[in-house]
Amino acid sequence: MKVLFVNGPNLNMLGTREEDVYGSLTLDQINKKITSKANELKINTDFFQSNVEGNLVSKIQESSDFDYIVINPAAFTHTSIAIRDALLSIKAKFIEVHLSNIYSREDFRHNSYVSSIAIGVISGFGFHGYLMALDYISSLKD
Ligand code: DQA
C-alpha cells in the first residue's frame with residue numbers, strides 16, 4: 001500500500017505561520033510523525049508540497065504508483081477547479097485534510113472544490129488529521 005501526502009501553498013510556512021490557527025509544528029516535523037506511524041502500519045509514503053497550482057496538478061497526474069492520496073490543497077481548496085479535475089482524472093482515491101476547521105472560519109473557506117469527490121474530509125484536528133487519514137486508509141488494507 002502506497003500513500004502520497006500532498007500539501008498546497010503556504011504549508012511550507014508551518015511552524016511560524018499563524019501558529020494559533022495551524023499549530024507550531026513545521027511541515028517537516030509533521031511528515032516525520034506521519035512516516036513513523038506509516039512504518040508501524042507498514043504503509044509506504046511519499047510527500048509533496050508546492051506553492052504552485054500547476055505543480056500540484058502535475059504531481060496528482062503522476063500519482064499512478066499510489067493507492068491513496070491524502071491532500072491538503074490549502075487555499076487552492078477554495079479556488080481550484082484544476083486540482084479537482086486532476087483528482088478526478090486518476091485512479092487513486094483521496095482524503096481531504098485541513099489543519100483548521102474551515103467551517104468555523106471566514107465564509108470564503110466554507111466552499112471546497114474537492115470535498116464532493118473525496119472519500120471524506122478531516123478538518124480542525126491540526127496535524128492529527130493526517131494521522132487519522134492514515135489510520136483510515138490502513139483499515140482498508142487486505
Ligand atoms: C487550510 C485551510 C485553508 O483555508 C487555508 O487557505 C490554508 C490551510 C488548513 O489546513 O486549515 O492554507 O487548508
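Counting starts at 1 for both ligands and their atoms, in listed order. For clarity, every value in this text was computed on a predicted model and none was experimentally measured. One-based numbering along the sequence shown.
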Do the ring planes of Phe5 and Tyr130 sit parallel (below 30°), tilted (30 to 60°) or perpendicular (above 60°)?
tilted

Please answer: with hydrophobic residues joined when any side-chain heavy atoms are less than 4.5 Å apart, are Tyr22 and Phe47 in the same cluster?
yes

A side-chain contact here means heavy atoms from C-beta on lying under 4.5 Å apart; do Phe127 and Ile34 qualify?
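The answer is no, as the side chains (C-beta and beyond) never meet within the 4.5 Å cut-off.
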
Nearest protein heavy-atom contact for [atom]: which residue, which atom, what distance?
{"atom": "atom 11 (O) of ligand 1", "result": "Ser100 OG, 2.6 Å"}
{"atom": "atom 9 (C) of ligand 1", "result": "Leu99 N, 3.4 Å"}
{"atom": "atom 6 (O) of ligand 1", "result": "Arg109 NH1, 3.0 Å"}
{"atom": "atom 1 (C) of ligand 1", "result": "His98 ND1, 3.7 Å"}
{"atom": "atom 4 (O) of ligand 1", "result": "His78 NE2, 2.7 Å"}

Stepwise side-chain hydrogen bond (donor to acceptor under 3.5 Å, both in side chains) test for Asn51 and Glu53:
CA-CA 7 Å; Asn51 295 324; Glu53 186 177 16; over 6 Å; no

Under 4.0 Å from ligand 1, counting heavy atoms only, is it the side chain of Ile102, its backbone, both or neither?
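Only the side chain of Ile102 comes within reach of ligand 1.
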
Would you check, one step at a time, whether the test side-chain hydrogen bond (donor to acceptor under 3.5 Å, both in side chains) holds for Glu96 with Thr77?
CA-CA 9 Å; Glu96 176 184 354; Thr77 306; 4.7 Å; no

Non-hydrogen atom of Asn72 closer than 4.0 Å to ligand 1:
yes

Less than 4.0 Å is my threshold; does some heavy atom of Arg17 fall inside it relative to ligand 1?
yes

Is the shortest distance from a Lys or Arg side-chain nitrogen in Asp46 or Lys2 to a carboxylate oxygen in the other one below 4.0 Å?
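So Asp46 does not pair with Lys2 through a salt bridge.
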
Using a 3.5 Å distance criterion without hydrogens, assess whether the side chain of Ser123 forms a donor-acceptor pair with backbone atoms of Ser100.
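A pair under 3.5 Å: yes.
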
For ligand 1, is there an N or O atom under 3.5 Å from any N or O atom of Ala75?
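N/O-N/O distance below 3.5 Å exists for this pair.
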
